[in-house]
Amino acid sequence: MSLVFFLLSLSLFISSSSSSASPYPYGGLSYHIDCGGPTDSVDPFNTAWLSDRFFTGGATSVVSEPLQFRHPQEKTLRYFPLSAGKKNCYIIPNLPSGRYYIRTFTVYDNYDGKSHSPSFDVSVEGTLVFSWRSPWPEDLARTGAYSDLFAFVSDSEADVCFYSIATDPPVIGSLQLVRVDPASYDAVSIGQNYVLVNYGRFTCGSDQFGPGFSNDTDLFGRSWQNDKDVRSTDDDSTVRSLSTRNTIANTDQSPNYFPMKLYQTATLVDGKGLVYELQLDAKLDYLLWFHFAEIDSSVTKSGQRVFDILINGKNVNRIDIFKEVGNFAAYSWRYTVKNLSSDVLSVKLQSVAGAALISGLENYALVPADVATVPEQVVAMRALKDSLRIPDRMGWNGDPCAPTNWDAWEGVTCHLNKNETALVISRIDLGSQGLKGFISDQISLLSNLASLNLSSNSLGGTLPSGLGQKSLNTLDLSDNQFSGSIPQSLATSNLQLVLMNNNLLEGQVPEELYSIGVHGGSIDLYGNKGLCGVPSLPDCPLFWENGGLSKKGKIAIAVSCVFGFCLLLLVLYIICIRRRRNDYDFGLPQDLMSLAAKRNRYQRQKSLMLLEMESQHAKALTPFTPR
């Protein structure tokens, strides 16, 4: 049975508001998002609502009849047209690991004037939880409905995602998230692998109450619906209500923090029995939570009020409230229902002694948490989304593979890992998508990738060294603008088909990669003018390969550097030896130079005097000639 009709059976939770504004003892972490709301606001119950945020896409609108709604957060909405992709999400970041109460308000109210309520699914943390199918019941489409659940968050962010059916745009009016006690609702026994989806939360003997309906506090933010629409009697017995103002013990306590008001009222029947008929989906198991408190002061001992609980006609327990906790004290009991054959669950309180009495009843579907994508592969896919500039229309939001009920991201194929405990990426096919980015090096985290097709786009940059996983057997990068060399990692993969034609690649082609064509595979490198080194391509320069120096070139440069260094040392050595052999070439002291100069002047003067004396002596020896 569709969850939409379940919501209708809950009296629609119409015109409600938000979770409690009171601080919750378990950390007080909560978000109340007015989807489509442009500004922050505070409702009449003092809950602070945030303007719309944390969404991946879509557009905003208002309901067609806003005056019929009590609060601003019920009058606005966000819708996700097909142009925003098949899958869109609210992703609330920076959350500590733990259990969270998540509540949504969904409304159509002919906001688009098409009189066609949409069909779509809703998932939380990768698990399908709500299904809406057109046409909605008229009152549901007009006034909207609240839905809620309990789920564990372990990856620091809560994903609430919407998946379009056909071409219908999903809608949401508000989103609330409150951190709760991780041990609540028997989580220790049930474990973290279930999402508890509310199929009915009833207060008995009281009007609807809780955050958004009254000023009564529920620390988890739960709203409690009056039980009159789901109860009946199996005879003409009189159903009546009982209430008290006395304090009820054992309330607002860990781990469930059930509010005292729940136990201050009760429904009781004086006849044979009180019957609740609950609508549900027979494919699931259910957790029933019963609430009792003996608030009739005339009951003073055990045995005065005793009744049996029958589930689908099977007697599963006998209750004596006074015997368990005395009077004016809260008492809860739970029961798990499995293997149902009908979409209606019958719960009967059959009197044994005195009138049967009940204060509250909860019914939660135990929805098995879907397997999720391996976390490091989620990181890789988000990095590729950014680097490849994936357009919004492709809907790459949330978990790439989960829920398994939906298609994976457009162009992505997933399968279970060997242990069947998680999903892995096996194929990416994004040919001819108008992409203009580059390949992120995070692609190395996709250790199960068998096929990658990015052909006929406008992608550029160099090929990352991490491209070439052992699992990769098909690689098509043809008709792009990739540059640089072919990474050596591709030569160590198990590729059987390689298409890199019509790019800007250069350098030597790894021989192991080219040998694919020799061993039964196929490789096409045509249209890369810079590639070399294999048959049908030019020879590479002696010292050049893969867009850079080859190993031989590096060795040659190293040898040249060593030879040059040795030559320099030899020259320096020769200079030093020569200088040692010619020490006299150094300049003389200044005094010695002065003395030598004086001596030279003396010698010149002496020479001149001798010349003059010799001249005079010659004149004296000349013979006398008489006139």
Side-chain angles (χ1 to χ4, degrees), residues 1 6 9 185-186 189-190 194 196 198-205 224-225 227-242 250 256 258 262-263 265-296 298-327 329-366:
M1 180 179 179
F6 143 69
S9 71
Y185 288 100
D186 200 25
S189 299
I190 296 174
Y194 287 92
L196 271 59
N198 174 23
Y199 266 70
R201 183 184 297 113
F202 304 103
T203 175
C204 303
W224 299 81
Q225 180 188 2
D227 68 340
K228 62 182 180 181
D229 291 330
V230 294
R231 76 185 183 209
S232 63
T233 60
D234 57 3
D235 54 20
D236 294 329
S237 303
T238 301
V239 177
R240 55 193 177 92
S241 299
L242 186 66
N250 304 331
N256 296 306
F258 294 123
L262 176 64
Y263 299 94
T265 62
T267 294
L268 62 161
V269 59
D270 294 320
K272 293 182 179 180
L274 180 64
V275 179
Y276 290 92
E277 292 189 345
L278 309 177
Q279 300 290 324
L280 42 72
D281 183 345
K283 296 188 295 293
L284 299 171
D285 296 337
Y286 291 83
L287 176 65
L288 292 172
W289 212 278
F290 296 84
H291 301 280
F292 309 102
E294 184 54 77
I295 57 175
D296 185 349
S298 66
V299 176
T300 57
K301 61 181 181 179
S302 60
Q304 283 186 264
R305 189 190 308 280
V306 181
F307 53 91
D308 292 333
I309 297 180
L310 288 76
I311 306 295
N312 284 343
K314 178 184 178 181
N315 193 326
V316 295
N317 196 17
R318 175 163 289 184
I319 300 293
D320 185 336
I321 305 171
F322 194 95
K323 180 180 178 180
E324 296 292 341
V325 293
N327 56 7
Y331 172 63
S332 296
W333 177 75
R334 64 185 180 276
Y335 182 78
T336 302
V337 184
K338 300 182 178 181
N339 303 319
L340 293 170
S341 59
S342 171
D343 288 338
V344 178
L345 178 66
S346 173
V347 177
K348 181 178 180 180
L349 277 63
Q350 183 169 284
S351 175
V352 175
L357 175 150
I358 185 170
S359 296
L361 175 62
E362 297 176 88
N363 182 26
Y364 293 100
L366 295 171

Side chain to side chain donor-acceptor pair (under 3.5 Å) partners of Asp270, counting only residues at least two apart: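 Scan of Asp270 (side chain to side chain donor-acceptor pair (under 3.5 Å), adjacent residues dropped) gives Arg240.
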
I need the minimum non-hydrogen distance between [X] and [Y], along with the two atoms involved.
| X | Y | answer |
| --- | --- | --- |
| Cys204 | Asp227 | SG-OD2, 3.4 Å |
| Ser342 | Leu280 | O-CD1, 3.5 Å |
| Asp343 | Ala282 | OD1-N, 3.1 Å |
| Asn315 | Leu310 | CA-CG, 3.9 Å |
| Ala355 | Leu268 | CB-CD1, 4.0 Å |
| Val325 | Ala330 | CG1-O, 4.0 Å |

Ring centers of Tyr335, Trp333 separated by less than 6.0 Å: yes

Does Tyr185 have its ring centroid less than 6.0 Å away from the ring centroid of Trp289? yes

Can Phe290 and Tyr276 be said to form a ring pair (Phe, Tyr, Trp, His ring centres under 6.0 Å), step by step? CA-CA 12 Å; Phe290 296 84; Tyr276 290 92; 8.7 Å; no

Do [X] side-chain atoms and [Y] backbone N/O form a donor-acceptor pair below 3.5 Å?
| X | Y | value |
| --- | --- | --- |
| Asn312 | Ser346 | yes |
| Ser241 | Thr267 | no |
| Gln350 | Val352 | no |

Could you tell me whether the side chain of [Y] reaches within less than 4.5 Å of the side chain of [X], counting heavy atoms only?
| X | Y | answer |
| --- | --- | --- |
| Ile309 | Leu288 | no |
| Phe292 | Arg305 | no |
| Asp296 | Glu294 | yes |
| Asn327 | Thr300 | no |

Please enumerate all residues that pass salt bridge (Lys or Arg N to Asp or Glu O under 4.0 Å) together with Asp186, with sequence neighbours excluded. Arg334

What is the distance from atom CZ of Arg201 to atom CG of Asn363, rounded to the nearest 0.5 Å?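 Between Arg201 CZ and Asn363 CG, I get 10.5 Å after rounding to 0.5 Å.
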
Report the C-alpha distance between Tyr263 and Asn250 in whole Å, list the side-chain angles of each, state the deciding distance to 0.1 Å, and finish with yes or no for side-chain contact (heavy atoms from CB on, under 4.5 Å). CA-CA 10 Å; Tyr263 299 94; Asn250 304 331; over 6 Å; no

Results of ring pair (Phe, Tyr, Trp, His ring centres under 6.0 Å) for Tyr194 - residues two or more places apart only: none

